[in-house]
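Reviewing the structure listed below.
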Amino acid sequence: MLRSTRSARPFLSPLTRRFLSASTTTIPLYINGKFQQSKATEFFPVVNPATQEVVSKVPIATKDELQSAVDAASGAFLAWRDVTPSERQRLMFRYQHLIRDNMDSLASLITEEQGKTLVDAKGDVFRGLEVVEFACGAASHQMGETVENVGGGLDTYSYRQPLGVCGGIAPFNFPAMIPLWMFPLAIATGNTFVLKPSERVPSTMVRLCELADEAGFPPGTLNMVHGTHDCVNFLCDAPEIKALSFVGSNQAGEHIWNRGGKAGKRMQVNMAAKNHAAILPDSSRAHVTNSLVGAAFGAAGQRCMALSTVVCVGETSEWMRDVAEKAAALKMGAGNDPSTDIGPLISPAAKQRVEDIIQSSVDEGATLLLDGRNCKPPGAPNGNFVGPTIITGVKPHMRCYKEEIFGPVLVCLEASSLEEAITIINANPWANGSAIFTTSGASAREFQNRIDAGNVGINVPIPVPLPFFSFTGAKASMLGDLHFYGKEGIQFFTKPKTVTANWTPDVAAGVKTAMPILGSK
């Protein structure tokens, strides 16, 4: 079922909606400051996951179109790199203002294509907006260092320069936040950018490009292309692209890391997670219950920081009944219904995989305390819904523990002590985030010091740092040594240059063939 989106999608500008007429229903490219219709012969359907209705189609951009985007970014960089930091920051101030003013329209596009609730979609936009706000002050983080008189009449100073053309490959689960982790900071530091949004959720990035154009982004500084595997490989291979950012699955991330790294690119690759929480008996039972229900089942579990695993210490395993009772009361449905608590999974294939993993846990001897399969909410019977599911009696060898489920499923292990809980958590290969629930400062301090996860919460279930820090995923959840946003984000998109200057050369000293020792008198 393919329908016109002209009347149903009023949040895109008239310029863009002309590409979404009844005859084309095609998402445009954005290259060199202009929206353009692709000459593609292959397309990917964009489907509302709550209804299975096809809302548009994404072109699989041709190689010439991909190269055109890179060429536009390359040409724009020559002038953009020399624009003053103050002017680049003013651009970001205008951009953040426009995003804030258009938050409702962006959220509606996210909900239609990704499925999450409107309130959650607004959170998606807001967490990306915070990175744009951080980018408004990027210049202060590009300042270098100076040491005068390092040798006789010699001064040494350093500063950071932009890399050139940068690229980004974004996932489906955060259509606004993850692209906004990438291109604003790159552009604010003097780079230009080519971004591929997920082919499942392209319209949010279309709207972000419209707002960028309205803010005054010079042509070529931001470009948007579409595609699947060939597009990803092109971005990995293109020699003009100096750095590549990716958020998504391990399978795709490892491929991109290897291929992009082989091409000599600077890489930051954030991948799968299995975020744990250790529950201590001295914690607040009510706070634990509320936190687990929200963090495990919000966004249908499709978050890289979803709290998908708990290690119950001692008697706290009994508390999972409270969690099950409260989770069972959550309302499933389409995200555009204000009363909905949990929306659908992104695709029928995702739903089938989650249900297969749930069944595997039963086959391997675990217990379903709450079973969310066979969920058909009134008003959305065809959606990709799986209700909140809680699996107890889980052991580390089980599939439901070894794999990232990426659905509304909470798996529960047991430990006799905090020490055992830490051992269990640290044995898991993924380490995006981890949390502890306790009222003991000593226990919290031991946990934060010994746990291997990069983002740690103390009585905070989803410890995603604000942008003046960095998102510090670790172990198998992250490839690369410079993380997203914050000071590390500035470092990722810039390179240091160190200058040693001598304005009073000693000509009388003559030729010296020995290695200069600058620190001597």
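Predicted model only: the values in this text are computed from it and were never measured. The residues of the chain are indexed from 1 along the displayed sequence.
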Identify the two heavy atoms, one from [X] and one from [Y], that lie closest to each other, and give their separation to 0.1 Å.
X: Gly248; Y: Pro171; value: CA-CB, 4.4 Å
X: Leu345; Y: Gly407; value: CD2-CA, 4.0 Å
X: Leu235; Y: Gly168; value: CD1-O, 4.3 Å
X: Val225; Y: Leu29; value: CA-CD2, 4.0 Å
X: Ala107; Y: Lys122; value: CB-CG, 3.6 Å
X: Ile241; Y: Gly167; value: CG2-N, 3.8 Å

Is [Y] close to [X] at the side-chain level, that is, under 4.5 Å between some pair of heavy atoms?
X: Met103; Y: Phe126; result: yes
X: Lys402; Y: Met398; result: no
X: Phe193; Y: Pro184; result: no

Main-chain N/O of [Y] paired with [X] side-chain donor or acceptor, under 3.5 Å:
X: Glu113; Y: Ser203; answer: yes
X: Thr389; Y: Gly372; answer: yes
X: Gln142; Y: Ile490; answer: no
X: Asn432; Y: Gly454; answer: no
X: Arg207; Y: Leu109; answer: no
X: Arg88; Y: Val83; answer: yes
X: Ser434; Y: His276; answer: yes
X: Ser477; Y: Ala272; answer: yes
X: Asn258; Y: His255; answer: no
X: Glu65; Y: Lys39; answer: yes

Next item on the list: Could you name each residue pair satisfying ring pair (Phe, Tyr, Trp, His ring centres under 6.0 Å) that touches residues 62-92, not counting sequence neighbours?
Entry: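 Every pair satisfying ring pair (Phe, Tyr, Trp, His ring centres under 6.0 Å) with a residue in residues 62-92: there are none.
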Note to self: Checking Trp181 now: which residues fulfil ring pair (Phe, Tyr, Trp, His ring centres under 6.0 Å) with it, not counting sequence neighbours?
What the structure shows: Phe471, Phe484, Tyr485
Note to self: Using 30° and 60° as the class boundaries, would you call the ring planes of Tyr95 and Phe183 parallel, tilted or perpendicular?
What the structure shows: tilted
Next item on the list: Mind telling me whether Phe406 and Phe172 have parallel, tilted or perpendicular rings, with 30° and 60° as the class edges?
Entry: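 Because their plane-to-plane angle is over 60°, the rings of Phe172 and Phe406 count as perpendicular.
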In terms of side-chain heavy atoms, does [X] have a donor or acceptor partner in [Y] at a distance below 3.5 Å?
X: Glu364; Y: Gln359; answer: no
X: Asn384; Y: Gln52; answer: yes
X: His97; Y: Asp101; answer: yes
X: Ser74; Y: Glu240; answer: no
X: Gln161; Y: Lys495; answer: no

Check: salt bridge (Lys or Arg N to Asp or Glu O under 4.0 Å): which pairs involve residues 189-198, sequence neighbours left out?
Finding: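 Qualifying pairs: Lys196-Glu199.
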Note to self: For the aromatic rings, using the six-membered ring if either is Trp, is the centroid distance between Phe134 and His141 under 6.0 Å?
What the structure shows: yes
For [X], which residues count as a salt bridge (Lys or Arg N to Asp or Glu O under 4.0 Å) partner, sequence neighbours excluded?
X: Arg160; answer: none
X: Glu130; answer: Arg127
X: Asp481; answer: none
X: Glu488; answer: none

Notebook entry, point to check: Applying side chain to side chain donor-acceptor pair (under 3.5 Å), which residue pairs with at least one partner in residues 460-475 are found, sequence neighbours left out?
Noted result: Asn455-Thr472
Note to self: Tell me which pairs pass side chain to side chain donor-acceptor pair (under 3.5 Å) where either residue lies in residues 294-308, with sequence neighbours left out.
What the structure shows: Asp120-Arg303
Check: What pairs with Thr340 under side chain to side chain contact (heavy atoms under 4.5 Å, CB included), at least two apart in sequence or on another chain?
Finding: Thr117, Asp337
Checklist line | side chain to side chain contact (heavy atoms under 4.5 Å, CB included) partners of Asn32, counting only residues at least two apart | finding: Ala72, Pro219
Check: Step by step, would you call Asn191 with Thr189 a side-chain hydrogen bond (donor to acceptor under 3.5 Å, both in side chains)?
Finding: CA-CA 6 Å; Asn191 303 280; Thr189 51; 3.0 Å; yes
Should we say atom [atom1] of [X] is surrounded by more than 12 heavy atoms from elsewhere, each under 6.0 Å from it?
X: Gln251; atom1: CD; value: no
X: Phe43; atom1: CZ; value: yes
X: His397; atom1: NE2; value: yes

Checklist line | side-chain contact (heavy atoms from CB on, under 4.5 Å) evaluation trace for Phe469 with Lys487 | finding: CA-CA 7 Å; Phe469 292 92; Lys487 293 180 181 178; over 6 Å; no
Next item on the list: May I ask you to check if Lys116 and Phe174 form a cation-pi contact, with NZ or CZ under 6.0 angstrom from the six-membered ring centre and within 45° of the axis?
Entry: yes
Check: Excluding sequence neighbours, so at least two apart, what forms side-chain hydrogen bond (donor to acceptor under 3.5 Å, both in side chains) with Asp237?
Finding: Arg259
Check: Going by an N to O cut-off under 4.0 Å, is there a salt bridge joining Glu403 and Arg353?
Finding: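 Result for this pair is yes, salt bridge flagged.
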